Amino acid sequence: MIVDDINFTLKDGRAATLRSPREEDIDNIIDFLIKSAGETDYLLRYPEEYENITHDAEKNFLDRINSSENDAMIVCSVEGQIAGSCQITFFQGKKSLHRTRVAIALLCKFWNNGIGSKMFSELIRIAESRAGVEQIELEYIEGNSRARALYEKFGFRIVGVHPDAIKLKDGTHLNEYLMIKKL
């Protein structure tokens with residue numbers, strides 16, 4: 001699904017654009033994936049898990065997402081750099097057509113500039129535009145208080161827990177929480 005460009009101004013005054021990823025973004029997106037995974041334990045992969053992604057594999061992924069009726073990926077571009085990305089996936093089974101799932105990631109140096117809120121506003125708008133969607137779901141990892149505050153700001157509430165769902169390299173286990181926003 002292609003998302004129209006949304007231009008906005010960051011809290012620090014820089015221009016930013018939310019938009020669907022393009023072929024010319026591929027190397028920048030791979031760099032973003034590696035950097036963002038290295039900045040926090042709250043994403044599902046480590047940086048080295050992205051190091052073998054090829055340009056062609058990422059192109060195929062983006063082509064699939066952009067041509068899908070049930071998935072959308074949005075990147076936030078700031079001064080030619082991918083600052084963040086988010087994704088929405090609509091469930092397909094007849095029993096789950098009322099559900100959609102979202103995810104978001106943002107480089108630390110862009111925190112506190114309104115990007116996360118802008119991305120969430122757009123994800124919610126997309127969900128609300130789909131007939132029959134009643135709830136938006138996401139998961140967040142224990143300890144990620146910044147993310148939890150953002151999600152709660154947009155009306156998400158914890159409804160479940162996957163105990164010890166994440167195991168860090170040092171052996172630490174973290175819970176993963178399911179949050180839902182009713183539309």
Side-chain angles (χ1 to χ4, degrees), residues 1-37 42-45 50 53 55-93 96-140 146-147 150-151 153-156 179-183:
M1 168 184 323
I2 298 293
V3 176
D4 293 331
D5 289 10
I6 300 169
N7 297 306
F8 65 106
T9 302
L10 301 181
K11 290 179 182 176
D12 67 9
R14 289 182 288 174
T17 303
L18 294 184
R19 59 177 172 73
S20 292
R22 302 174 183 143
E23 186 171 352
E24 61 266 22
D25 295 323
I26 292 174
D27 292 333
N28 205 350
I29 289 171
I30 293 170
D31 184 55
F32 165 79
L33 292 170
I34 293 168
K35 282 182 183 174
S36 62
Y42 303 126
L43 297 177
L44 293 179
R45 294 191 179 139
Y50 291 110
I53 293 178
H55 185 93
D56 289 341
E58 190 66 11
K59 180 183 183 318
N60 290 338
F61 172 75
L62 295 178
D63 287 346
R64 183 187 61 77
I65 288 263
N66 285 340
S67 64
S68 172
E69 294 179 11
N70 300 304
D71 299 298
M73 180 177 177
I74 301 170
V75 296
C76 180
S77 176
V78 179
E79 298 175 338
Q81 182 179 4
I82 302 298
S85 74
C86 58
Q87 191 168 336
I88 186 166
T89 302
F90 292 94
F91 286 73
Q92 292 308 296
S96 57
L97 286 174
H98 65 290
R99 300 167 58 202
T100 187
R101 177 169 292 143
V102 297
I104 185 174
L106 185 61
L107 292 177
C108 293
K109 73 180 192 175
F110 293 100
W111 288 358
N112 299 315
N113 271 295
I115 295 171
S117 292
K118 193 71 169 178
M119 287 195 292
F120 253 88
S121 294
E122 182 60 12
L123 292 171
I124 291 167
R125 186 201 64 75
I126 292 169
E128 290 174 337
S129 71
R130 173 74 64 106
V133 173
E134 298 173 9
Q135 67 187 40
I136 305 172
E137 304 172 10
L138 60 81
E139 291 87 27
Y140 93 94
R146 294 175 56 79
L150 175 67
Y151 307 151
K153 170 182 160 182
F154 281 91
F156 287 83
M179 298 184 84
I180 290 178
K181 173 184 175 61
K182 293 288 190 179
L183 298 180

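Nothing here was measured: the structure is a model prediction, and the numbers come from that model.
To the nearest 0.5 angstrom, Glu139 atom CD is 8.0 Å from Leu44 atom CG. Note that the OG1 atom of Thr100 and the CD atom of Gln135 stand 10.0 Å from one another [nearest 0.5 Å]. Atom CG in Asp12 sits 10.5 Å away from atom CG in Asn112 (nearest 0.5 Å). In this structure, CZ in Phe154 is found 12.0 Å from CG in Leu138, a value given to the nearest 0.5 Å. Here the straight-line distance linking atom CD of Glu137 with atom NZ of Lys182 works out to 8.5 Å at 0.5 Å rounding. Of the inter-residue distances, the one linking Ile30 atom CD1 with Asp25 atom CG reads 11.0 Å to the nearest 0.5 angstrom.
For Thr89, the side chain to side chain donor-acceptor pair (under 3.5 Å) partners are Asp71, not counting sequence neighbours. Residues passing the ring-ring contact (aromatic ring centres under 6.0 Å, His included) test with Phe32: none are found, sequence neighbours excluded. Residues satisfying the side chain to side chain donor-acceptor pair (under 3.5 Å) test with Asp56, not counting sequence neighbours, are none. Applying the side chain to side chain donor-acceptor pair (under 3.5 Å) criterion to Ser121, with sequence neighbours excluded, gives no partner residue.
Residues Ser20 and Met1 come closest through the heavy atom pair OG-O, 3.7 Å. Scanning all heavy atoms of the two residues, the minimum distance from Leu150 to Ser117 falls at CD1-OG, 3.6 Å. Across all non-hydrogen atoms, the minimal contact from Ala127 to Val133 is O-CB, 3.6 Å. Shown here for Val78 and Ala83, the closest heavy-atom pair between the two residues is CG2-CB, 3.9 Å. Of all non-hydrogen atoms in Leu10 and Ala16, the two that sit nearest each other are CD2-CB, 3.7 Å. When all heavy atoms are compared, the tightest approach of Met119 to Ala105 is CE-O, 3.9 Å.
Sorted by first and then second residue, the salt bridge (Lys or Arg N to Asp or Glu O under 4.0 Å) pairs with a member in residues 112-122 read Glu122-Arg125; sequence neighbours excluded. Applying the ring pair (Phe, Tyr, Trp, His ring centres under 6.0 Å) test to residues at least two apart or on different chains, none of the pairs has a partner in residues 97-117.
Around atom CG of Asp4, no more than 12 heavy atoms belonging to other residues, nucleotides or ligands sit under 6.0 Å away. Counting non-hydrogen atoms of neighbouring residues, nucleotides and ligands closer than 6.0 angstrom, the CD atom of Glu23 reaches no more than 12 such neighbours. Atom CD of Glu24 has more than 12 neighbouring heavy atoms from other residues, nucleotides or ligands inside a 6.0 Å radius. Annotation for Arg14: atom CZ counts as buried by contact number, over 12 foreign heavy atoms lying within 6.0 Å.
Between Cys86 and Val102 the shortest side-chain heavy-atom distance does not fall below 4.5 Å. In this structure the side chain of Arg101 reaches within 4.5 angstrom of the side chain of Arg99, judged on heavy atoms. Under the 4.5 Å side-chain criterion, counting only non-hydrogen atoms from C-beta, Ser85 is not in contact with Ile29. At a threshold of 4.5 Å between non-hydrogen side-chain atoms, the residues Lys35 and Lys109 do not count as touching. Side-chain contact check for Val3 versus Leu18: every heavy-atom pair is 4.5 Å or farther apart. Looking at heavy atoms from C-beta onward, Leu62 lies in side-chain contact with Met73 at the 4.5 angstrom threshold. The side-chain heavy atoms of Leu43 and Arg45, taken from C-beta on, include no pair separated by under 4.5 Å. The shortest side-chain heavy-atom distance between Arg19 and Val75 falls under the 4.5 Å cut-off.
Aromatic ring orientation, Tyr151 versus Phe120: tilted (interplanar angle from 30° to 60°).
The main-chain N or O of Ala57 is never found under 3.5 Å from a side-chain atom of Asn60 such that the two would form a donor-acceptor pair. Under a 3.5 Å cut-off, the side chain of Asn7 and the backbone N or O of Ala15 do not form any donor-acceptor pair.
When only modelled atom types and interatomic distance are considered, Asn70 and Arg130 share a side-chain donor-acceptor pair under 3.5 Å.
The residues Asp5 and Arg22 are annotated as salt-bridged, a charged nitrogen and a carboxylate oxygen being separated by less than 4.0 angstrom.
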| task | Could you go through the side-chain contact (heavy atoms from CB on, under 4.5 Å) check for Phe8 and Cys76 one step at a time? | result | CA-CA 10 Å; Phe8 65 106; Cys76 180; 4.0 Å; yes

